[in-house]
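A short write-up of the structure that comes next.
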Amino acid sequence: MNDANQIGFKPLLAILAVFVTACTGAPDGVTVVTGFDLNRYLGTWYEIARLDHKFERGLSNVTATYSLRDGGGVNVINRGYNVEDQEWEEADGKAYFVGDEDVGQLKVSFFGPFYGGYNIIELDKDGYEYSMVAGPDRSYLWILSRTQTMDPDLLQGLIAKARELNFATDELIFVEHN
């Protein structure tokens, strides 16, 4: 490779590094939880509410199940029932910590080498019974619970926190579990 190509390639790598980091980071002004314990977070979570995205559109009974991967990281299985097609859909992914393992910030991939941010921004640190997760920007938000329903006051409190963080809480979809 000649010097001209190397000079052009380095800025491209820098731009790519910024893009990849932006996709796995937290939204501006949003803090992820610390004191996180992955082993307590593992298992099945029920999606209580979410912002709409094509990959989950029309799904009910949505769950996310996390388990340890051989060799490190986390297996992620997202599952939901497509009412229109009358069939279950499942997506298998993998997740890894972005930094320290006691910080609730991971990167998750369902599509090969492409990762997105999985940022735990609220967590029941006593019982690990509920969690609120943001993606890399404010268009991604999930409220999760260990049970299919959530105490209405708790749910309203989480929605209020999300609203304070400038998420579009008026656009939340509340997931049916039956």
Side-chain angles (χ1 to χ4, degrees), residues 19-53 55-56 59 61-69 72-80 90-111 114-169 171-175 177:
F19 176 74
V20 168
T21 302
C23 291
T24 60
D28 289 339
V30 174
T31 304
V32 298
V33 300
T34 58
F36 178 73
D37 182 349
L38 176 61
N39 287 320
R40 294 184 67 201
Y41 199 80
L42 298 175
T44 299
W45 291 86
Y46 294 89
E47 191 176 270
I48 301 300
R50 68 173 179 259
L51 290 176
D52 189 33
H53 284 281
F55 55 86
E56 284 188 283
L59 297 183
N61 297 292
V62 178
T63 60
T65 302
Y66 306 104
S67 61
L68 293 177
R69 291 177 61 83
V74 179
N75 285 314
V76 181
I77 299 174
N78 287 348
R79 190 169 194 256
E90 191 171 284
D92 296 324
K94 56 190 173 187
Y96 300 95
F97 283 97
V98 172
D100 293 337
E101 291 187 7
D102 68 339
V103 177
Q105 185 173 32
L106 295 96
K107 59 183 183 177
V108 64
S109 176
F110 292 95
F111 310 106
F114 303 103
Y115 285 86
Y118 185 97
N119 303 290
I120 303 166
I121 61 174
E122 188 67 33
L123 177 65
D124 167 26
K125 289 187 181 176
D126 291 331
Y128 278 61
E129 294 297 317
Y130 64 83
S131 145
M132 188 161 60
V133 178
D137 60 44
R138 284 180 173 76
S139 68
Y140 297 91
L141 182 72
W142 295 269
I143 296 175
L144 307 174
S145 174
R146 292 292 191 174
T147 58
Q148 295 178 351
T149 60
M150 181 179 276
D151 175 87
D153 291 335
L154 174 59
L155 179 57
Q156 289 308 310
L158 292 170
I159 292 170
K161 177 171 180 160
R163 186 178 307 111
E164 289 172 11
L165 294 171
N166 296 316
F167 286 91
T169 57
E171 297 176 18
L172 282 170
I173 294 168
F174 297 91
V175 181
H177 289 277

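What's counted below: heavy atoms across the whole structure, side chains too, no hydrogens, waters or symmetry copies.
- Between the side chain of His53 and the backbone N or O of Ser139, at least one donor-acceptor pair lies under 3.5 Å.
- A donor and an acceptor atom, one from each side chain of Thr149 and Thr147, are nowhere located under 3.5 Å apart.
- Side-chain contact between Leu59 and Val175 is absent, with no heavy-atom pair separated by less than 4.5 Å.
- Atom CG in Asn78 sits 8.5 Å away from atom CZ in Phe55 (nearest 0.5 Å).
- For Tyr66, the side-chain hydrogen bond (donor to acceptor under 3.5 Å, both in side chains) criterion is met by Tyr118, not counting sequence neighbours.
- Nearest heavy atoms, Asp28 versus Arg138: O-NH2, 2.5 Å.
- The OG atom of Ser109 lies 8.5 Å from the CZ atom of Phe114; values are rounded to the nearest 0.5 Å.
- Arg69 places a side-chain heavy atom less than 4.5 Å from the side chain of Tyr96.
- We find the OG1-CD distance between Thr44 and Gln148 to be 11.0 Å, quoted to the nearest 0.5 Å.
- Shown here for Glu47 and Glu56, the closest heavy-atom pair between the two residues is OE1-OE2, 2.6 Å.
- With hydrogens and angles disregarded, no donor-acceptor distance shorter than 3.5 Å links the side chain of Lys125 to the backbone of Asp37.
- For residues 91-106, no residue pair satisfies the salt bridge (charged side-chain N to carboxylate O under 4.0 Å, His left out) rule, not counting sequence neighbours.
- Applying the side-chain hydrogen bond (donor to acceptor under 3.5 Å, both in side chains) test between Ser131 and each of Tyr41, Trp142, Trp45 identifies Tyr41 as the sole match.
- The two atoms that bring Pro27 and Asn119 nearest to each other are CD-ND2, 4.3 Å, heavy atoms only.
- A distance of 5.5 Å separates CD1 in Ile143 from CG in Leu155, rounded to the nearest 0.5 Å.
- Listed here is the closest heavy atom pair of Ala26 and Gln105: N-NE2, 3.5 Å.
- Note that CZ of Arg146 and CD1 of Ile48 are 12.5 Å apart. Values are rounded to the nearest 0.5 Å.
- Side-chain contact between Phe110 and Val76 is present, with heavy atoms from C-beta onward closer than 4.5 Å.
- Between Arg50 atom CZ and Leu144 atom CG the span is 11.0 Å, to the nearest 0.5 Å.
- In terms of heavy atoms, Asp124 sits closest to Glu129 at OD2-N, 3.0 Å.
- Val98 and Lys107 make their closest contact through CG2-N, 3.7 Å (heavy atoms, listed as atom of the first residue, atom of the second, distance).
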Acceptor/donor pairs from residues 157-169 side chains to any protein atom, 3.5 angstrom cut, sequence neighbours excluded:
unit_1 : atom_1 : unit_2 : atom_2 : d
Lys161 : NZ     : Ile121 : O      : 3.4
Lys161 : NZ     : Glu122 : OE1    : 2.7
Arg163 : NE     : Thr169 : OG1    : 3.3

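- Relative ring orientation between Phe36 and Tyr128 is described as tilted, the plane-to-plane angle lying within the 30° to 60° band.
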